[in-house]
Structure formats: structure tokens, C-alpha cells
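Numbers here are sequence positions counted from 1.
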Amino acid sequence: MQMPRDSFPTDWSPPPVEFLNKPKKAPPAKKGPLEDLEKDPPDPNQKVELASLEELFWNMASPSQQAGTPEISSGSSQCYINNLDYLLQEKREQALEQEWEQLLQLTHPRLKSSVCDDDDDSDTEAVLMPEHRMLVEKFSVSLQVISPVHPGETVFLPRRHPLPCFLDSSRLKPHSPLEELFLRSSLPEQLSFLHNGLLSNLYLHAADCPQPLLQWLFQLLTWPPETSSRAFGLLWDLSIDGLFRQPDEDMHFWCPSLQEVKEVFSILGAYNPALYPQGPFQHSTRVLESEASLDSQDPPQEVALNIKLNYIYKFLILCLLVRPASYTDASILDLMELLCRAGLDVGLCLLPKTDLQQLLLLLLERIQEWPGKLQPLCCTLSWVSDHHHNLLALVQFFLDVTPRGRQLRSQLSLVIIARMLGQQESLPFSAEKTQLALLSQLLSLMRPSSLRQCLGIETLPSSLGQHSKASAELDYKVCYLCHSLLTLAGVVVSSQDITPNQWGELQLLCMQLDRHISTHIRESPQAMHRTKLKDLATQTYIRWQDLLAHCQPQGQYFSPWKDI
């Protein structure tokens, strides 16, 4: 078969474009070489001089380009439109402008920032019309949310190097040349004894371990983890070894006193004017660089502080287990206040507190006068912090695994709610009224409108933008406080052993929760903190209703028309 021929015409040419074929107006003094070639066709025997590249560009340029370009003399070195001299001159002008601008900024440093701010403000005002601004404010979402983590308190101040802890060896008599060398050595050399394990060989199996050595090891728990871990291990081994080597009737177990515990916390950087009226515990000299070089690779400061505190907590737990009567009730209350303040440090908010919870639970069980010390303890702990979320975290330090723990959680939550609402002095904390009845009196004061009056600003700003911003900030604070108070109210109810006799009080709490809190919260996509508060109120209501269903008196099932 014969292949079909190409259907594309051989004499095809593109359609003419008018604006490309417009006649170009060349300078009158010059004639292009192409025009000369068209008028006088060259003789084949005559040599034709080709046009230069510059002249071809000139003839092909548009009239506007030709008018804006200076006259170019052919055959010279300045034959380009953007010649070298022109570029150099432009570069010099730009450099001169930059110098003047830098000089102006040095003379008036605030001029540029103010001008830029004015330009930005003017642009924003020009772009955002009043109706547009109202639309943006209507659908804007606030970034303020109720944080699940408490803000914490600044309890421990950071230290670059640990404070020196000197061993008081004035009353110690060496029993061997190695022990004499240790007692006469300087602090860095004594620390090398500890790191190399020589102290274990000296005192681990000795008949009697000197008390100054135990006190020195207890103070070394405040050093970086590399040293504190070895000090804790040796202190624990010496204490346990002493228990097995001494008879029960003549046992001498060293426990740090309350003042020694305070000094250890002060060495860590803690300072509280109420606990240290004479000022923070300080040493006269700082640690040497050679002493601190033993701990060159340390974990982050918060983690290191948590490790040191856990060593202290573990040893105090051992002391309370071996000697239950080692502290009086007054000392226990002061020690619990100190431990609770330390647990609220801002650097420890996200770290577990298992050892602290175990120690607080053990201290609570060692109080002799109970429940006589319950109300004084709750009043003391309720002033550990001024922030409601920190006080909520304080309640969570105490586990509800023992009857005393549940009593303390319930009473402390009630005292904190009364303090936050300004009712701590007027509310009667007596045995005549149950805790549910007292909570019923406080729940009516927890409505958002009442909290707004407590936290309200005296005078709101007059301008519309500042007024709306201050009102949104106040609304967030109100919801944040109500969220903490409602969580504490849930702790009060969950710590109770609800009996059928308390069914009416719990039912009244459910009615007040729905009437004073749930119905007063208006959810909005611009305020997610209201949604979180509404969710908590709903969950609390469902939980209380579930308790009502389990503790309802039997008479309510069989005689619903009893009062008719």
C-alpha cells in the first residue's frame, strides 16, 4: 500500500501579526544595512560588508527603547546599552544611599522602627474596615486554655556549683592509718575516698559508725547526681548494716532532725521567710573548681534536683519505718509543710512524685493526736501557695489509699475552697455539720457571675479594643478558678463514704451544680476554656448521679408516695 502523503501544505506560512509588522522609525541620520540591501541588491562579484551585531540590535529595537537610550557611537568600546561606566555609576549611587541611610539610623535609632510601625498601622487600618474587624473578632479563637499542669512556685533557686559540705572530724578518733588519712584530708580528697569506694571498706562493717560521717553523707545528697548517688548508697548501707549489728533493745539509729532537713533544703537553694526567719542558710566559702570537676557530666537541672530530693525522701522514709516516734506532732506538721512547698517547685511540675507521696502518707500515719491535728494541718497547707491550681496539685500529693489520707484530702479541699471564696473565717468547720452540707453552702458561691465579682476589675478601659481584651482575660480567669474549685468539690464528694442518710445532701449538691454552674456557662467557639469547664461540670454531675443511684435508701424504691 502506498503511504498517504503529508496533508500539511508546503507553502504554509503563519498568519501575519499586525503589531509585529509595524514599520520601525529609525534615526534620520542613520540607515540600516538591511534597507540598503533592499534598495540596491548587491552585485554577485562585489564583496558585501556585513552589518555589525550592535547595529542589528539597534534596528530591531522599539521606538521607546531607542528614545530612552543614549546615543551610541558605533565602533567604540561603549557600544552596549548597559555599558560598564553606567553600571559603575549606579553602583556608586547605591553605596552612597546606603551610607546615608546607615548614618541616619545611627543618629536617630528610633526613626526607622516608628516609621515602619506607622506604615503597618496605616496598612492594617486601611485593609481592615470596621465591618471586617467585627467579622474577625466574631470568629476569632482565643489561645487561652485551662492548662492541665499547675504553674508551680519558685522554691529552689538555681546554683551553678554545689555548696561545700565539710566533715566535722574534731571529735573523731581514727582506728587505722587509712582512716586517719581520710579524716585529715581536704574535701576533694575525701570525695575521692567516696568515689573510689574506700569509705565502704572503712566503715561498712565497723562496730560503730560515727554520727558526723552520717551527717556529712546526708548533706552530700545535695550534690550533683554522680556524688549524691554514691553518698546515698553508702548512707543507706551503713544505716541498714547498723540495724543488723545492734540488738533491738539497744539500737542506735541516726535520723536527721527537722533543723538538719531544713538546712539540706536550704543548701539545695530553697528559701522561705516563714521557715527561715534569720535568712537562708549559707556557707562562708564557695566550692572550688577542683571539687566540682568530679561531676562534669550532669543531667538537666530539674532532673538533677528531682534525683537529689528523691534520695532525701527515701532516707526519711527509712527513718520513719525504723523509728516511728522519731518526730513529734509539731515537727511532723512543719516537715509536711516544707515537703509540700518543695513539691510545688516550678521545675518539678512535670516530674513524678512517688517518693514524696509515700513520705507524706507515712508522716500522716505517724501523727499521734489524730484527728485533733487535722484542722491545723489543713489550715497550714492551704496557705502554701496563693494560686488555686497549685493548691489543687497539693491535694493530689496525698493519696486516698488510707482513711487518714481520705480525711485529709476531703478536709483540705474544703478549706481551700473556703479560702478561695473568702469564707474561711465565717464557715463553721465543726462536727455538727457534715462536709457535704458545708460544700452545699460553698457551691452556690462558685457560680461564674459571683466569681467575676470577686475577681472583677475596678474600672475597665474606656477604649473598645482594650475593654474587650480585659473582659476576655477576666472571663478566662473566672473559668480557670471555677474549674479548680469544681475539681476540689469533686474530691470532697469522692472522699466520702456516702450513706443512705446523706442521699438528700448529695441530691441537693446535684441540683445546685446544675443550677449555679452548668446553666451559667455559655459555650463559644472563641472561648474553649468555657467548653472545658462545661465538660467538667457535666462529668461531675454524672458522677454524682451515679453515687445517688448506688446510695439511694430502700424506702425510696418501695414507697415513692411516702410524703403524699
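With respect to the salt-bridge test (charged N to carboxylate O, under 4.0 angstrom), the residues K314 and D355 qualify. Ion pairing between R341 and E337 holds under the 4.0 Å rule for side-chain N and carboxylate O. Electrostatic pairing of R530 and D475 counts as a salt bridge here, judged by a charged N lying under 4.0 Å from a carboxylate O.
A side-chain donor from one of Q411 and Q375 sits under 3.5 Å from a side-chain acceptor of the other. There is no side-chain donor-acceptor pair under 3.5 Å between S484 and T487. Of the N and O atoms on the side chains of Q512 and S440, at least one donor lies less than 3.5 Å from an acceptor on the other residue. Q507 and W544 are not linked by any side-chain donor-acceptor pair at a separation below 3.5 angstrom, with hydrogens and angles left out of the test.
The side chain to side chain contact (heavy atoms under 4.5 Å, CB included) test with F398 is passed by exactly one of R404, R406, M336, Q357: M336.
With H150 contributing its side chain and G152 its backbone, the two residues share no donor-acceptor pair below 3.5 Å. Using a distance-only test at 3.5 Å, with no hydrogens or angles considered, a donor-acceptor pair links the side chain of D329 to the main chain of Q368.
Summarising the geometry of L361 relative to L399, their closest heavy-atom pair is CD1-O, 4.3 Å, with the distance given to 0.1 Å.
Between the CG atom in L509 and the CG atom in L442 there is a gap of 10.5 Å [rounded to 0.5 Å]. To the nearest 0.5 Å, atom NE2 of residue H195 and atom OG of residue S229 are 8.0 Å apart. Atoms CZ and CZ, on R447 and R452 in that order, are 14.0 Å from each other to the nearest 0.5 Å.
Aromatic ring pairs are classed by plane angle as parallel below 30°, tilted from 30° to 60° and perpendicular above 60°; the pair F218 and W254 is perpendicular.
Crowding of D546 atom CG: a count of heavy atoms from other residues, nucleotides or ligands under 6.0 Å exceeding 12.
No close placement of the H483 and Y476 rings is indicated, their centers lying 6.0 Å or farther apart.
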